[in-house]
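A short worksheet on the structure shown next.
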Amino acid sequence: MTLGGFHGEGRPDKSALFGIFHMAVERYNPRDTEPRWQKAWDEARLFETRNDDPRPKYYVLEMFPYPSGRIHMGHVRNYTMGDVIARWRRAMGYNVLHPMGWDAFGLPAENAARDNKVNPRNWTYANIETMKGQLKTMGLSLDWARELATCDPAYYRHQQKMFLDFWKSDLVERKSAKVNWDPVDMTVLANEQVIDGRGWRSGAPVEQRDLTQWFFKITSMSEQLLDGLETLERWPDKVRTMQQNWIGKSTGLAFEFGLKGAPEGFDSLPVFTTRADTMWGPTFAAIAADHPLAKALAQDNPEIAAFTAKCRAIGTSAAAIETAEKLGYDTGLKVTHPADPDFELPLWIANFVLMDYGTGAIIGCPAHDQRDLDFARKYGLPVVDVFKPLDSDASVGDEAFTPAKTEKVRYVHWHGEPGTEITCQEAMDRTLALYEEKGWGQGRVQYRLRDWLISRQRYWGCPIPVIHCDDCGAVPVPADQLPVELPMDVTFDKPGNPLDHHPTWKHTSCPNCGKDARRDTDTMDTFVDSSWYYARFTDPWNETEPTTLDYVDGKNGWLPVNQYIGGIEHAILHLLYSRFFARAMKATGHLNTVEEPFEGLFTQGMVVHETYKVPGEGFITPAEIRIDDIDGTRSASRLSDGATVEIGPIEKMSKSKKNVVDPDDIIATYGADTARWFMLSDSPPERDVIWSEAGVEGAHRFVQRLWRLVAEAAPSIAGVAAYPAKDGPLSATSKAAHKTLKAVGEDLGRLQFNKAVARIYELTNLLSRDLSALDEKAGAETRAALREGVEFLVAMIAPMMPHLAEACWQEIGGTGLAAEQAWPAFDPALVVDDELVLPVQINGKKRGELSVPADAPPEEIEAAALALDAVRVALEGKQPKKVIVVPKRIVNVVI
RNA sequence: GCGGGCGUGAUGGAAUUGGUAGACAUACCGGACUUAAAAUUCGGAAGCUUUGGCUGUGCGGGUUCGAGUCCCGCCGCCCGCACCA
């Protein structure tokens with residue numbers, strides 16, 4: 001299972017050397033040819049895109065990488081898919097924008113700086129250099145002239161400007177809030193970056209802290225972000241659903257309880273409920289442990305203080321929440337119902353009420369809410385049925401009655417006539433109308449989405465361009481002082497924020513009053529950087545503005561991105577932030593019209609690989625082992641000493657499992673085309689692909705086979721004009737070629753690369769039979785038809801295996817570069833069959849076949865089917881009950 | 001718990017959206033070539049079978065002339081969200 005071996009040197013194999021079969025054709029040697037073609041593309045500047053090109057535009061973008069050091073197989077898969085689309089659209093006549101850049105800010109650079117005493121900037125740029133070199137070996141058709149790095153002041157100066165513009169437009173806010181603190185990364189995190197109560201990078205349980213921080217007011221666009229999802233027809237439903245859930249819209253009734261005996265300043269208690277129809281069934285009210293009223297009560301009641309402390313101690317982790325029992329503390333206070341001041345309820349503090357959602361206070365209606373019921377049963381609170389099923393008079397036991405809102409029920413305890421049978425929705429609507437009319441409450445829309453916390457107590461990020469003055473407060477850095485650049489002389493030897501530790505950087509004067517003042521030492525969340533890079537690519541040369549309105553969107557502009565490709569892990573984070581940013585940029589004049597930045601989104605699956613373990617020692621890499629397969633039983637051993645190796649489960653490639661395959665090794669051994677072809681074959685692109693040595697070998701065999709096929713045929717078809725065979729023995733081949741061309745185009749349009757690959761295999765199998773029969777005696781028509789077939793094949797592989805396509809194109813004497821050739825047009829007349837083979841069924845089971853002209857009338861087909869031997873035998877001279885003829889599909893004789 | 005997706009040979013997966021199930025590939029087996037292997041090339045292969053067929057797309061029903069595909073009920077796996085009032 002070594003990656004080196006016999007392929008590497010590209011020496012011709014023996015059969016070719018001795019000319020056993022056809023003329024001697026040397027093995028295709030990608031290591032030699034691929035760099036040559038890459039150079040040819042560069043010199044021809046084929047992939048540099050002009051903004052003023054009049055052809056229709058197509059913008060293909062893959063999520064740009066974090067410069068971690070080296071590219072991995074996930075990048076190879078992602079960028080191969082994007083490149084296929086880019087090259088194919090180019091061949092279709094579009095002016096294609098296909099740029100690449102670097103998501104270059106982030107914590108790993110700081111960790112590297114701390115551990116290896118290097119500057120984060122130098123570390124980052126060194127990684128960019130390496131990875132750019134790796135991407136170049138993949139043969140991607142990228143416009144490197146537009147390359148950008150988010151850590152470049154030339155980029156982040158515009159981000160600082162937009163931050164200030166957003167602030168002016170009331171889209172930014174500095175506020176004190178309970179925030180997520182990651183104790184390992186020593187910074188705050190946005191809600192979206194906390195997964196199961198842990199930091200998304202560090203995995204450490206986050207703590208809640210009250211801090212004053214900068215927020216983007218993404219909640220001001222909740223409704224637009226939700227509505228916009230409807231328009232994203234070329235997004236996966238899964239991602240749309242996830243965003244919908246994240247925004248979490250709910251509609252209901254907002255009202256206020258009256259408060260009796262509460263501390264000074266607490267006259268009423270605002271509450272939100274989605275079940276207005278249950279307003280006559282509550283038996284208690286409850287507030288969160290962090291509710292201001294609970295805090296006030298805790299101040300002079302040690303028991304309450306102890307209880308609220310206990311609630312907080314349970315923590316926020318998923319496991320803790322799942323096992324947590326409902327806990328409550330009766331405050332002794334009473335609340336009064338908005339519709340009837342004499343209707344009093346006890347006020348509890350309960351651990352299952354969240355301060356983050358709604359108002360942090362609930363109305364407890366046990367009969368129709370499971371949580372409330374559990375709580376009521378535990379503390380012996382009454383349970384009052386508001387409505388019952390139509391067919392039963394039973395009261396609620398230990399299971400709350402929570403029918404769908406559209407279900408009709410019988411209301412027994414509400415403001416209307418008892419016994420009314422209506423749907424819950426109807427009852428809610430009526431209650432809401434009544435409450436609004438009487439002034440007891442109002443309809444309200446509630447969202448789960450929180451504002452986007454962007455402050456990070458880190459060094460390697462975009463500085464927040466704000467100066468804090470004791471007299472003037474937070475003051476924007478004046479435009480002529482932008483960018484606020486990061487200092488280079490920083491140390492990472494003590495924990496915390498290096499910008500804060502820097503001896504001089506933060507000290508400045510107030511732009512307003514001139515007094516001594518301090519710079520904001522926080523930097524922006526790196527998701528801010530990636531929220532607008534797609535717009536910057538449209539004119540990265542603009543020094544004065546983030547975008548150039550003529551080019552960014554609108555009539556002659558690029559946005560929205562026509563096809564965006566990346567991992568599902570950004571379903572909420574990056575994609576939601578970017579959608580917000582586009583709207584904010586439009587609101588501040590940095591975009592003309594576009595609100596949705598990504599018209600088409602594709603989320604590709606992961607690259608996974610078997611894991612290997614030496615018992616007692618741990619994981620080892622695929623390169624260190626060999627696999628033996630004896631009668632279908634696979635076993636593995638270590639190359640160095642023959643030790644037994646356990647073959648473990650297939651998992652996402654990761655350093656810790658050591659199941660990674662280095663793209664450099666693969667490209668050095670097999671070439672970029674093999675790696676690209678393998679990534680596109682077999683697995684549907686949205687699913688995980690299992691990287692296997694056998695699979696790569698198979699892909700490589702096809703590269704060699706196709707090359708041999710074309711090279712051997714070249715002398716016979718070079719200089720021949722391509723023309724399809726309309727009749728004769730080759731007409732079937734020509735038809736297959738045109739059909740394949742049509743189908744592959746359709747597959748590529750839907751990003752179904754695996755299907756396109758399978759069709760190309762089929763055509764190759766067909767052509768190889770015809771080509772091996774080709775000799776000097778072949779007629780002009782045969783040569784023309786085969787020439788066309790080969791040309792189609794080259795055109796179809798060109799987006800996927802661009803180097804091999806160039807080599808083949810050159811071999812058959814094509815002019816110019818394959819990368820510049822137009823996608824061929826199929827002949828509509830050749831993709832329809834004039835003779836069809838119809839399956840003939842008897843009672844739904846296939847019993848024969850029938851060859852008929854495509855335009856044969858159904859009666860004729862029926863007659864022919866009935867004349868078949870198999871049918872005649874089955875009929876035994878009787879009449880069929882029914883004969884179904886589905887044109888171009890099937891005949892079914894029912895007996 | 002809620003929401004979404006999936007279940008097809010040894011394996012990855014096709015199946016024109018209700019019309020020949022298993023395309024194509026991987027692995028495997030056999031022939032040719034070779035001293036031998038690799039490479040190449042040709043061929044085989046869902047299962048059972050009394051050779052006429054029968055069974056077969058997680059399981060059980062249903063609709064239909066016809067179901068991998070649609071409907072109902074289960075089972076299993078994956079993903080997302082979750083004490084969201």
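Here is how names work: the chains are called A, B, and so on, in the same order as the sequence lines, proteins then strands, and each is numbered from 1.
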> Between atom CZ in Arg371(A) and atom C1' in C84(B), what is the gap in whole Å?
Replying inline: 7 Å
> Taking only residues at least two apart or on different chains, which pairs with a member in residues 362-372 of chain A satisfy side-chain hydrogen bond (donor to acceptor under 3.5 Å, both in side chains)?
Replying inline: Asp369(A)-Arg371(A), Gln370(A)-Asp374(A)
Using atom names, set out every protein N or O paired with an N or O of nucleotides 62-66 of chain B below 3.5 Å, distance rounded to 0.1 Å.
from   : atom 1 : to        : atom 2 : distance (Å)
C65(B) : O2'    : Asn892(A) : ND2    : 3.2
C65(B) : O2     : Asn892(A) : ND2    : 2.4

> Should G9(B) be called syn or anti, with syn set as within 90° of 0?
Replying inline: syn
> Of Asp237(A) and Ile690(A), whose closest RNA chain B nucleotide lies nearer the 5' terminus?
Replying inline: Asp237(A)
>> I want to confirm an ordering. Mapping Lys238(A) and Thr273(A) to their closest nucleotides on RNA chain B, which one lands closer to the 5' end?
In response: Lys238(A)
> What is the distance, rounded to the nearest whole Å, between atom CZ of Arg240(A) and atom P of G4(B)?
Replying inline: 14 Å
> Taking only residues two or more places apart in sequence, or in another chain, which ones meet Phe352(A) in a ring-ring contact (aromatic ring centres under 6.0 Å, His included)?
Replying inline: Phe375(A)
> Any idea if U17(B) is syn or anti, going by the 90°-from-0 cut?
Replying inline: syn
>> Nearest to the side chain of Phe352(A), heavy atoms from C-beta on, is which of G12(B), G13(B), C83(B)?
In response: C83(B)
> What are the two closest heavy atoms between Leu866(A) and Val893(A), and how far apart are they?
Replying inline: CD2-CG1, 4.2 Å
> Does any donor atom in the side chain of Ser851(A) or Glu835(A) lie under 3.5 Å from an acceptor atom in the other side chain?
Replying inline: yes
>> Between C1' on A85(B) and CG on Asp277(A), what's the gap in Å once rounded to a whole number?
In response: 13 Å
> Arg889(A) has a side chain; which of U17(B), A85(B), U20(B) sits nearest to it?
Replying inline: U17(B)
> Contacts to RNA chain B from residues 755-767 of chain A, heavy-atom cutoff under 4.0 Å, which residues?
Replying inline: Lys755(A), Ala758(A), Tyr761(A), Glu762(A), Asn765(A)
>> Going by the rule ring-ring contact (aromatic ring centres under 6.0 Å, His included), which residues pair with Trp440(A) if we only count those two or more places apart in sequence or in a different chain?
In response: Tyr435(A)
> What integer number of Å spans the C1' atoms of G52(B) and U57(B)?
Replying inline: 26 Å
> What does Val353(A) touch in the nucleic acid at a heavy-atom separation under 4.0 angstrom: a base, only the sugar-phosphate, or nothing?
Replying inline: base
>> Suppose we screen for side-chain hydrogen bond (donor to acceptor under 3.5 Å, both in side chains). Which residues come up paired with Arg377(A), at least two apart in sequence or across chains?
In response: Asp398(A)
> What stems involve RNA chain B, if each pair must be Watson-Crick or G-U and both of its distances must be under 3.5 Å, with 3 or more such pairs in a row?
Replying inline: B:1-7 with B:75-81, B:10-12 with B:24-26, B:28-32 with B:40-44, B:46-48 with B:53-55, B:58-62 with B:70-74
>> Given C81(B), U20(B), C83(B), identify the nucleotide with an atom nearest to the side chain of Pro839(A).
In response: U20(B)
> When rounded to the nearest Å, what value does the distance between C1' atoms of C28(B) and U17(B) take?
Replying inline: 34 Å
>> For the P atoms, the ones on G47(B) and on A10(B), what distance do you get once it is rounded to whole angstrom?
In response: 8 Å
> Expressed in angstrom and rounded to an integer, what is the separation of Asp372(A) atom CG from C84(B) atom C1'?
Replying inline: 13 Å
>> Does either side chain, that of Asp277(A) or that of Thr431(A), offer a donor lying less than 3.5 Å from an acceptor on the other one?
In response: no
>> Expressed as a whole number of angstroms, how long is the span from Leu347(A):CG to A85(B):C1'?
In response: 15 Å
> Can you tell me how far P in U26(B) sits from the matching atom in A39(B), rounded to whole Å?
Replying inline: 12 Å
> Does the side chain of Arg687(A) get closer than 4.0 angstrom to OP1 or OP2 of C78(B) through an N or O atom?
Replying inline: no
> Taking only residues at least two apart or on different chains, which pairs with a member in residues 737-746 of chain A satisfy side-chain hydrogen bond (donor to acceptor under 3.5 Å, both in side chains)?
Replying inline: His738(A)-Glu788(A), Lys739(A)-Asp833(A), Lys742(A)-Glu746(A)
>> What's the gap between A32(B) and A38(B) when it is taken at their C1' atoms, as a whole Å value?
In response: 16 Å
> In whole Å, what is the span from the NZ atom of Lys326(A) to the P atom of A82(B)?
Replying inline: 16 Å
>> If I compare all heavy atoms of Lys888(A) with all of Leu836(A), which pair ends up nearest, and what's the gap?
In response: CG-CD1, 3.6 Å
> Centre of Trp246(A)'s six-membered ring, under 6.0 Å away, within 45 degrees of the axis: is that where NZ or CZ of Arg448(A) sits?
Replying inline: yes
> What is the ring orientation for Phe255(A) with His337(A), classed by angle as parallel under 30°, tilted 30 to 60°, or perpendicular over 60°?
Replying inline: parallel
> Starting at CG of Leu573(A) and ending at P of G80(B), how long is that distance when rounded to a whole Å?
Replying inline: 12 Å
Polar atom pairs between nucleotides 49-57 of chain B and protein, under 3.5 Å, N or O only, would you list them?
from   : atom 1 : to        : atom 2 : distance (Å)
U55(B) : OP2    : Lys845(A) : NZ     : 3.0

> What integer number of Å spans the C1' atoms of A46(B) and A15(B)?
Replying inline: 16 Å
>> Minimum heavy-atom separation for Leu432(A) and Gln442(A), please, with both atom names.
In response: CD1-C, 4.1 Å
> If we take the P atom in both G12(B) and G4(B), what is their distance in whole Å?
Replying inline: 27 Å
> For Glu849(A), which contact category applies under a 4.0 Å heavy-atom criterion: base, sugar-phosphate, or nothing?
Replying inline: base
> Across the strands shown, which category fits Ser681(A) at heavy-atom distances under 4.0 angstrom: base, sugar-phosphate, nothing?
Replying inline: nothing
> Just checking Asn245(A): base, sugar-phosphate only, or nothing, at a heavy-atom cut-off of under 4.0 Å?
Replying inline: nothing
Under 3.5 Å, sequence neighbours excluded: what are the donor-acceptor pairs made by side chains of residues 356-367 of chain A?
from      : atom 1 : to        : atom 2 : distance (Å)
Tyr357(A) : OH     : Ser250(A) : OG     : 2.8
Thr359(A) : OG1    : Pro270(A) : O      : 2.7
Thr359(A) : OG1    : Ala361(A) : N      : 3.4

>> List the residues meeting salt bridge (Lys or Arg N to Asp or Glu O under 4.0 Å) with Lys846(A), not counting sequence neighbours, and say none if there are none.
In response: Glu849(A)
>> Once you apply a heavy-atom cut-off of 4.0 Å, does Asp374(A) come out as touching a base, just sugar-phosphate, or nothing?
In response: nothing
>> Checking side-chain polar atoms at under 3.5 Å, does Asn765(A) have a donor or acceptor matched by the opposite partner on Arg705(A)?
In response: yes
> What distance, rounded to whole Å, do you find between the two P atoms, one in C29(B) and one in G61(B)?
Replying inline: 40 Å
>> Measure NZ/Lys652(A) against P/C78(B) and give the value in whole Å, please.
In response: 17 Å
> Is any side-chain N of the basic residue among Arg240(A) and Glu230(A) closer than 4.0 Å to the acidic one's carboxylate O?
Replying inline: no
> Just to confirm, is there a sub-4.0 Å distance from OP1 or OP2 of A27(B) to any side-chain nitrogen or oxygen of Arg701(A)?
Replying inline: yes
> Residues two or more places apart in sequence or in another chain: which of them pass side-chain hydrogen bond (donor to acceptor under 3.5 Å, both in side chains) with Asp673(A)?
Replying inline: His803(A)
> Is Gly695(A) touching bases, backbone alone, or none of the nucleic acid, heavy atoms closer than 4.0 Å?
Replying inline: nothing
